[in-house]
Amino acid sequence: MSANSPPGSSDDTEPTDRAVPPNLIESLGARIRDLDVDSIRHYLAQKLGFYEPSEPTSPVEQVLEEVSLEGIVKWIKSEKCKNIITLSGAGISTAAGIPDFRSPETGLYHNLQKYNLPEPQAIFEINFFRENPKPFFTLAKELYPGSFKPTLSHYFIKLLCDKGLLLRHYTQNIDTLERVAGLPEEKIVEAHGTFYTSHCLDCKKEYSLDYVKEIIFRDEIPICTNCPGIIKPDIVFFGESLPDRFQRCLQQDFQRCDMLIIMGSSLEVQPFASLIDMVPEWCPRLLINREKAGVRSPLLQLWGLSGGGLQLDEESTRDVARLGDCDEGCQDLAQRLGWGEELQALVAREHARLEREGHITTVHTPISNIEIGSAGSSTAEHKL
Ligand code: CNA
């Protein structure tokens, strides 16, 4: 059968315009009777362009004694689990006071709607930014690193690292709180970039976090000292490519991963969301989030196709969801692992240190109260 053939047919029985059967209904009925479910499945997979393994695969080994949080805990405690990857999103930082994108009422998208942007995402679109950087810098001032303390979830990741279990932490966040929590730079992949460094959009001259911060906090737009270009923090806007480090690390990490923990993400942004499907097929995956996310399409499941995504039902052999707040979920997991007190102590000690060093959470104007000028109304030299 050729790749585009319907199921159950061979190339020499392909219908052609010339060969119209004398009794079409009878012939069609006979052909449908000949089809098994697998053939129909393959045919639809090909026609609809869904992923399908080319060779039949052998059953995947189940490594969890039970598919539950307790099963995950036993796996992490076992000698076999050595390379944990954590994936995170804005949900691990909301407890620090930084709003996420999509939460109803509190998410940035909800609150940016009134700022006369062509669409909420425009604030993070590179072409819009070149035209009108003002809304982004107003928001950047609000979100700027240096005013927030890492959450318990950040310190849980640090604890995994201290225990020698963390292969890598991939974050979509741009708030640098993983760095503030003391995670070594080589363990972090900032998939959507970071405020940590900035570059001139035109001549590419690099600027430090402190240099740019000082200008943004004066409510001015940072302009290059070499040329008239705007200085943009190195966060990835829609329409920009992800950092090279993201590509490099994922190629060496994901096949080695033996436990994936996903925290505080809606798993709506690609290509990051697809990382959950890059671990080996047997690798347990734990979602710690307020809501289910990244769930495999029920339509694909109905057809027995993988298609990617988490399988959060009773059929699952490796995926577990711990729904609720990330900090609560991480504390629960730490407790079950016997690290509960250690995690509490780490958070208390580190927060005290940050406060001593003047790294204190400031009281911010809620995002919804920030005045942002209308789209297309500013130029680089304007004040915010
Ligand atoms: P998102 O699409 O806003 O989803 C956040 C997810 O976290 C949602 O499923 C929420 O239900 C969940 N959530 C929120 N708070 C909590 C909590 N305390 N405990 C548990 N779950 C919670 O954000 P994603 O990260 O999935 O989307 C990717 C975007 C968001 C990236 O491009 C980021 O750059 C961007 N972003 C980052 C930050 C930051 O750096 N802190 C803030 C806002 C947006």
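Start at 1 and go down the list; that is how both ligands and their atoms are numbered.
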Can you find an N/O atom of [X] closer than 3.5 Å to an N/O atom of ligand 1?
X      : result
Glu268 : no
Ile288 : no
Ala90  : yes

Is it true that the side chains of [X] and [Y] contain a donor and an acceptor less than 3.5 Å apart?
X      : Y      : result
Thr171 : Glu190 : no
Gln331 : Gln335 : yes
Asp234 : Ser198 : no

Tell me the nearest of Ser93, Gly324, Pro99, Ser153 to atom 42 (C) of ligand 1, using heavy-atom distances. Pro99
What atoms of ligand 1 come within less than 4.0 Å of a heavy atom belonging to [X]?
X      : answer
Gly89  : 25 (O)
Ser265 : 6 (C), 7 (O), 9 (O), 24 (P), 26 (O)
Gly264 : 5 (C), 6 (C), 7 (O)

Within 45° of the ring axis of Phe217 and under 6.0 Å from its six-membered ring centre, is that where the NZ or CZ of Lys213 lies? yes
Pairing of [X] and [Y] as salt bridge, 4.0 angstrom limit:
X      : Y      : value
Arg168 : Glu186 : no
Arg322 : Asp332 : yes
Arg285 : Asp277 : yes
Lys149 : Glu355 : yes
Glu357 : Arg353 : yes

Under 4.0 Å, heavy atoms only, figure out whether ligand 1 is touched by the backbone of [X], its side chain, both or neither.
X      : answer
Asp175 : both
Cys326 : both
His192 : side chain
Asn173 : both
Ile98  : side chain

[atom] - nearest protein heavy atom and its distance:
atom                    : result
atom 13 (N) of ligand 1 : Gly91 CA, 3.6 Å
atom 18 (N) of ligand 1 : Thr94 OG1, 3.0 Å
atom 14 (C) of ligand 1 : Asp100 OD2, 3.2 Å

Determine the interplanar angle of the Phe136 and Phe195 rings, folded into 0 to 90°, and report it as parallel if under 30°, tilted if 30 to 60°, perpendicular if over 60°. parallel
